[in-house]
Amino acid sequence: MVLSPQAQRAWKLGTAVVTSITSFHVVFQVDYGDQEHVFTDLQKWYRGKVDDLLIGGIKVKVEDNKKNNDNVGDYDASQ
């Protein structure tokens with residue numbers, strides 16, 4: 001069965017969209033553990049930009065997980 005040119009274009013577009021979404025997720029969202037990996041710097045940059053966007057200028061202090069297992073941050077809204 002041969003697809004029409006319009007169906008081929010739609011298939012290629014769908015493939016490009018799914019590939020882009022999957023690549024974005026793998027690079028920026030996946031947690032690879034505590035060790036350094038090839039995407040560490042990109043993930044730190046991305047997460048910093050998302051934090052700036054979501055919390056604006058609010059300073060957030062998060063304690064180290066090894067010291068405090070409840071993973072609760074102290075918010076300093078005075079600045």
Side-chain angles (χ1 to χ4, degrees):
M1 181 173 111
V2 177
L3 295 176
S4 69
Q6 185 178 6
Q8 287 179 1
R9 282 193 299 274
W11 181 259
K12 289 178 183 179
L13 177 63
T15 302
V17 168
V18 170
T19 302
S20 298
I21 291 170
T22 303
S23 300
F24 175 83
H25 178 73
V26 167
V27 172
F28 294 110
Q29 299 291 328
V30 174
D31 183 11
Y32 294 102
D34 293 335
Q35 71 274 8
E36 292 284 320
H37 52 82
V38 69
F39 300 127
T40 300
D41 292 333
L42 285 172
Q43 287 181 344
K44 286 180 183 177
W45 173 82
Y46 171 75
R47 290 177 182 154
K49 293 296 183 183
V50 169
D51 287 346
D52 288 346
L53 178 68
L54 295 178
I55 61 175
I58 300 173
K59 298 287 184 182
V60 178
K61 178 184 174 188
V62 179
E63 296 180 14
D64 190 10
N65 285 341
K66 294 175 185 169
K67 294 179 185 175
N68 187 2
N69 288 335
D70 62 359
N71 200 17
V72 175
D74 296 326
Y75 294 93
D76 181 11
S78 63
Q79 295 187 13

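We count residues from 1, following the sequence as given. The structure presented is a predicted model; accordingly, all values stated were derived computationally and were not measured.
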- request: Identify the heavy atoms of Q43 and Q29 that sit nearest to each other, and give their distance.
  value: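 In terms of heavy atoms, the two residues are closest at NE2-N, 4.4 Å.
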
For this session: Please report the closest heavy-atom contact between T15 and T19, naming both atoms and the distance.
Result: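 Answer, listing the atom of T15 first, then T19: O-OG1, 2.8 Å.
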
Q) Does V18 belong to the same Ile/Leu/Val/Met/Phe/Trp/Tyr cluster as V26, with side-chain heavy atoms less than 4.5 Å apart forming each link? A)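 In one cluster with V18: V26, no.
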
> Any donor and acceptor pair, going by atom type alone, linking the side chain of T40 with main-chain N or O of H37 inside 3.5 Å?
Replying inline: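 At least one qualifying donor-acceptor pair exists.
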
message = Applying side-chain contact (heavy atoms from CB on, under 4.5 Å), can you list everything that pairs with V17, at least two apart in sequence or on another chain?
response =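 Applying side-chain contact (heavy atoms from CB on, under 4.5 Å) to V17 gives L13, I21.
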
For R9, check side-chain contact (heavy atoms from CB on, under 4.5 Å) against everything at least two apart and list the hits.
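side-chain contact (heavy atoms from CB on, under 4.5 Å) list for R9, sorted by chain: P5, Q6.
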
**Message:** As an exercise, state the distance from OG of S4 to CH2 of W11, rounded to the nearest 0.5 Å.
**Reply:**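 These two atoms lie 13.5 Å from each other.
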
Q. If you link I, L, V, M, F, W and Y whenever their side-chain heavy atoms are under 4.5 Å apart, who else ends up in the same group as L53?
A.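 The other cluster members (ILVMFWY side chains, heavy atoms under 4.5 Å, direct or chained): none.
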
(message) I'd like to know whether F24 forms a side-chain contact (heavy atoms from CB on, under 4.5 Å) with Y46, so could you lay out the CA-CA distance, the side-chain angles of the two residues, the decisive distance to 0.1 Å, and finally the verdict.
(response) CA-CA 11 Å; F24 175 83; Y46 171 75; 3.4 Å; yes

